[in-house]
Amino acid sequence: MTELTQSAAEAYVASVCFKIGPPRRVGVELEWLIHDSCRPDAAPEHNRTLAALEALRLPQEDPLLPHGSRITREPGGQVELSSPPADSLSECLDITSRDLSALRAAFAAQGLTLTGYGTEPHARERRVLLRQPRYLAMEEFFGRAGPWGKIMMTSTASTQVCLDAGTDQGGAHGFRERWLLAHRLGPVLVAAFANSPMLDGRPTGYRSTRQAVWSRMDPSRTLAPSANGDPRASWARYVLDAAVLCVRRADGRPWNAPAGLTFRDWLRRPAGQRPTVADLDYHITTLFPPVRPHGYLELRMIDAQPGDGWMVTTALTTALFEDPRAADAAQEALEPLVRATEEPGPRGAAWSRAATRAVDDPVLRRAALACFAAADAALPGLGASEQLRSKVADFVDRYTARGRCPADDLLDPPGAGLRPASQEATPC
């Protein structure tokens with residue numbers, strides 16, 4: 001394949017990572033930790049996970065559930081369900097719910113539970129179970145800078161909402177405004193849905209330990225690029241300046257990349273040693289900022305949620321992006337946080353407050369409540385059912401309005417009456 005130059009690489013990234021058009025589609029990616037239904041503190045044997053997936057009889061070359069959701073395994077044994085892009089919020093929730101029910105049933109038959117926490121709360125040995133060259137190189141790369149990368153790979157899970165990038169026009173549906181809103185909204189989403197206060201069986205001092213883990217990892221691939229200016233140019237610079245995590249090789253050698261090599265450095269090598277478009281495409285899949293443009297915008301900052309809490313996350317985010325009045329209201333509500341969000345996540349001031357205090361922070365709580373109110377006003381116009389609106393309202397009443405988040409349920413002392421029932425547990 002033809003080798004790239006720097007200018008060609010920047011132009012390519014700018015052209016493919018923001019697909020321009022009227023925003024209408026929404027999707028979700030749901031990562032789940034796997035627990036033994038009877039002994040959640042004990043790590044289940046990996047072969048039981050494999051048996052559950054085999055029982056679904058998914059084609060190996062295209063592992064899709066009946067309604068089109070894709071199933072993948074994460075390096076520490078987590079399972080991810082990725083919905084197909086849907087033309088409406090209601091369609092997305094319906095498709096995902098149906099496929100998720102089938103996935104839960106397959107795991108329940110093996111005595112396993114799909115559990116929604118942002119980090120594994122129980123003390124577990126951290127093992128990279130998938131031994132493909134990509135994950136072995138990732139383990140080696142992140143291991144150069146401490147334990148955080150391995151914790152991310154083996155002990156974290158998220159709820160990711162995916163939305164169209166938008167049009168090339170101004171206003172709430174323009175991709176520039178949607179890019180800016182995604183980054184300004186990030187700390188509020190972290191705070192409202194924080195659900196990872198424990199690691200190794202102990203409280204960490206964070207409501208979202210998962211965010212704290214990301215903030216300690218390689219900044220060239222986990223910090224946000226600039227949200228100001230032209231998003232395409234900012235993202236192209238970010239991609240080229242990120243460290244190379246792995247170099248694919250067909251000769252059986254490890255995929256480990258030289259320490260300190262950025263993709264831009266690779267492009268500057270002599271002819272015959274430079275990367276190709278395929279190498280660039282693969283490099284982009286190894287970048288993990290809070291908002292990742294894949295043609296669409298992938299919002300990656302939200303902890304995995306218990307039960308069907310992912311529906312609330314998806315409803316809130318979709319409403320704020322798809323309804324122009326809700327988007328304007330959100331931007332106004334987020335204005336008090338603008339200065340604190342100028343430093344990129346997940347290390348910026350607002351992001352750190354969100355990870356630590358969540359909506360116990362009064363500024364974040366006010367912004368979150370205003371965003372929920374804007375979303376509630378927009379949901380009927382998006383075809384949301386009364387049942388969905390009730391789920392969102394119940395979440396606000398239980399958590400946000402009281403300065404709480406799902407993490408607080410895990411931190412409540414036994415007998416407090418606020419701890420939820422175990423997630424989707426099978427009777428033992």
Side-chain angles (χ1 to χ4, degrees), residues 27-37 39-41 43-44 49 52 65 69 71-74 76-83 92-93 96-108 110-122 124 151-152 154-162 189-199 201 204 206-211 213-214 299-317 355 358 388 391-392 394-395 398-400 404-412 418-426:
V28 293
E29 299 174 15
L30 308 177
E31 294 176 344
W32 302 95
L33 301 170
I34 309 302
H35 284 174
D36 185 297
S37 300
R39 298 184 303 144
D41 56 330
T49 295
L65 286 166
S69 299
I71 300 301
T72 52
R73 288 186 293 145
E74 297 299 305
Q78 311 95 312
V79 171
E80 179 177 282
L81 182 152
S82 302
S83 77
C92 174
L93 299 183
T96 307
S97 295
R98 291 173 184 269
D99 281 343
L100 182 55
S101 293
L103 188 66
R104 283 173 169 158
F107 275 78
Q110 295 295 324
L112 300 175
T113 301
L114 302 180
T115 307
Y117 297 128
T119 54
E120 172 55 60
H122 303 293
R124 297 273 179 86
I151 292 172
M152 179 276 292
T154 64
S155 306
T156 65
S158 67
T159 296
Q160 300 171 21
V161 182
C162 303
L189 295 176
V190 171
F193 300 106
N195 189 35
S196 51
M198 311 225 359
L199 191 67
T204 64
Y206 292 93
R207 298 300 202 283
S208 179
T209 304
R210 178 177 162 273
Q211 275 296 304
V213 169
W214 283 109
L299 279 65
R300 303 175 47 84
M301 71 287 291
I302 307 166
D303 284 353
Q305 297 297 291
D308 290 329
W310 62 272
M311 291 185 176
V312 177
T313 305
T314 307
L316 170 67
T317 309
L388 177 61
K391 281 182 181 290
V392 176
D394 289 347
F395 182 95
R398 179 182 177 91
Y399 295 115
T400 318
R404 290 174 59 88
C405 60
D408 291 305
D409 288 339
L410 271 175
L411 297 173
D412 285 335
L418 296 170
R419 189 182 295 264
S422 60
Q423 303 185 45
E424 302 85 51
T426 301

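Residue numbers run from 1 in the order of the sequence given.
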Enquirer: With no hydrogens and no angle check, is any side-chain donor or acceptor of Ser83 less than 3.5 Å from a backbone partner on Val28?
Expert: yes
Enquirer: Output all residues satisfying side-chain contact (heavy atoms from CB on, under 4.5 Å) with Ala358, sequence neighbours left out; order by chain, then residue number.
Expert: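 Testing Ala358 for side-chain contact (heavy atoms from CB on, under 4.5 Å), a comparison that skips the adjacent residues, returns Ala191, Ala194, Arg207, Cys405.
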Enquirer: Taking Asn195's backbone N and O only, do any of them form a donor-acceptor pair with Asp303's side chain (distance below 3.5 Å, no angle check)?
Expert: yes
Enquirer: Mind checking the OG1-CG spacing from Thr96 to Leu81? Nearest 0.5 Å is all I need.
Expert: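 If I round to the nearest 0.5 Å, the distance is 6.5 Å.
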Enquirer: Sequence neighbours left out, what passes side chain to side chain donor-acceptor pair (under 3.5 Å) with Ser82? Give chain and number order.
Expert: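 Once residues adjacent in sequence are excluded, the partners of Ser82 under the side chain to side chain donor-acceptor pair (under 3.5 Å) criterion are Glu80.
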Enquirer: Using every non-hydrogen atom in the two residues, find where Arg124 and Pro44 come nearest and quote the distance to one decimal.
Expert: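 Minimum heavy-atom separation between Arg124 and Pro44: NH1-CD, 4.3 Å.
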Enquirer: Please find the pair of heavy atoms, one from Pro306 and one from Pro406, that lie closest to each other, and give the distance.
Expert: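 Shortest heavy-atom contact: CD-CB, 4.5 Å.
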Enquirer: Of all heavy-atom pairs between Arg404 and Asp409, which one has the smallest distance, and what is that distance?
Expert: NH2-OD1, 3.0 Å
Enquirer: Taking all heavy atoms of Ser97 and all of Leu93, pick out the closest pair and write down the distance.
Expert: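 Heavy atoms of Ser97 and Leu93 come nearest at OG-O, 2.7 Å.
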Enquirer: Where is the tightest heavy-atom contact between Thr72 and Glu74, given as atom of each residue plus distance?
Expert: OG1-OE2, 3.9 Å
Enquirer: Going by atom types alone, do Thr115 and His35 pair a side-chain donor with an acceptor below 3.5 Å?
Expert: yes
Enquirer: Using the test side chain to side chain donor-acceptor pair (under 3.5 Å), find all partners of Ser158 that sit at least two apart in sequence or belong to another chain.
Expert: Glu31, Gln160
Enquirer: Mind checking whether Thr113 and Leu33 have side chains closer than 4.5 Å, heavy atoms only?
Expert: no
Enquirer: Would you mind checking if Asp99 and Arg104 are paired as a salt bridge, meaning a charged N to carboxylate O distance below 4.0 Å?
Expert: no
Enquirer: So Leu299 and Leu189, do their side chains get closer than 4.5 Å, heavy atoms only?
Expert: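 Contact flag for Leu189/Leu299 side chains = yes.
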Enquirer: Please check if atom CZ in Phe395 has more than 12 non-hydrogen atoms from other residues, nucleotides or ligands closer than 6.0 Å.
Expert: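 Enclosed: over 12 neighbouring heavy atoms sit under 6.0 Å from CZ of Phe395.
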Enquirer: At what distance, to the nearest 0.5 angstrom, does CG of Leu100 lie from CG of Leu114?
Expert: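 Answer for the CG-CG pair, Leu100 versus Leu114, is 6.5 Å.
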Enquirer: For the residue pair Asp408 and Tyr399, confirm or rule out a side-chain donor-acceptor distance under 3.5 Å.
Expert: no
Enquirer: Output all residues satisfying salt bridge (Lys or Arg N to Asp or Glu O under 4.0 Å) with Arg73, sequence neighbours left out; order by chain, then residue number.
Expert: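 So Arg73 forms no salt bridge (Lys or Arg N to Asp or Glu O under 4.0 Å) with any residue.
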Enquirer: Does Gln78 have any side chain to side chain donor-acceptor pair (under 3.5 Å) partners at least two apart in sequence or in another chain, and if so, which?
Expert: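 Result, side chain to side chain donor-acceptor pair (under 3.5 Å) vs Gln78: none returned.
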Enquirer: Return the set of residues passing ring-ring contact (aromatic ring centres under 6.0 Å, His included) with Trp214 (not counting sequence neighbours), or none when no residue passes.
Expert: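 Here the qualifying residues are Phe288.
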Enquirer: Excluding sequence neighbours, so at least two apart, what forms side chain to side chain donor-acceptor pair (under 3.5 Å) with Thr314?
Expert: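 In terms of side chain to side chain donor-acceptor pair (under 3.5 Å), with neighbours along the sequence ignored, Thr314 is linked to no residue.
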Enquirer: Which heavy atom in Gly307 sits nearest to a heavy atom in Trp310, and how many Å separate them?
Expert: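 Heavy atoms only, the tightest pair is O-CD1, 3.6 Å.
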Enquirer: Does any non-hydrogen side-chain atom of Phe193 lie less than 4.5 Å from one of Gln305?
Expert: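 Side chain of Gln305 against side chain of Phe193, heavy atoms only: contact under 4.5 Å found.
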Enquirer: Would you compute the distance between atom CG of Leu316 and atom CE of Met311 and round it to the nearest 0.5 angstrom?
Expert: 15.0 Å
Enquirer: Who passes side-chain contact (heavy atoms from CB on, under 4.5 Å) against Thr154, sequence neighbours left out?
Expert: Arg126, Val128, Lys150
Enquirer: Report the residues that fulfil salt bridge (Lys or Arg N to Asp or Glu O under 4.0 Å) with Arg98, sequence neighbours left out, ordered by chain and then residue number.
Expert: Asp94
Enquirer: Run the side-chain contact (heavy atoms from CB on, under 4.5 Å) test against Asp41 and tell me which residues pass, sequence neighbours left out.
Expert: Arg39, His122
Enquirer: When rounded to the nearest 0.5 angstrom, what is the spacing between OH in Tyr117 and OG1 in Thr156?
Expert: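 Answer for the OH-OG1 pair, Tyr117 versus Thr156, is 15.5 Å.
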Enquirer: Report the residues that fulfil side-chain contact (heavy atoms from CB on, under 4.5 Å) with Thr49, sequence neighbours left out, ordered by chain and then residue number.
Expert: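 Counting only residues at least two positions away or on another chain, Thr49 forms a side-chain contact (heavy atoms from CB on, under 4.5 Å) with Ile34, His46, Leu53, Val79, Phe107, Leu112.
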Enquirer: Does one side chain, of Ser155 or Thr119, offer a donor that lies under 3.5 Å from an acceptor on the other?
Expert: no
Enquirer: When you measure from the side chain of Ser196 to the backbone of Thr209, do you find a donor-acceptor pair of N or O atoms at a distance under 3.5 Å?
Expert: yes
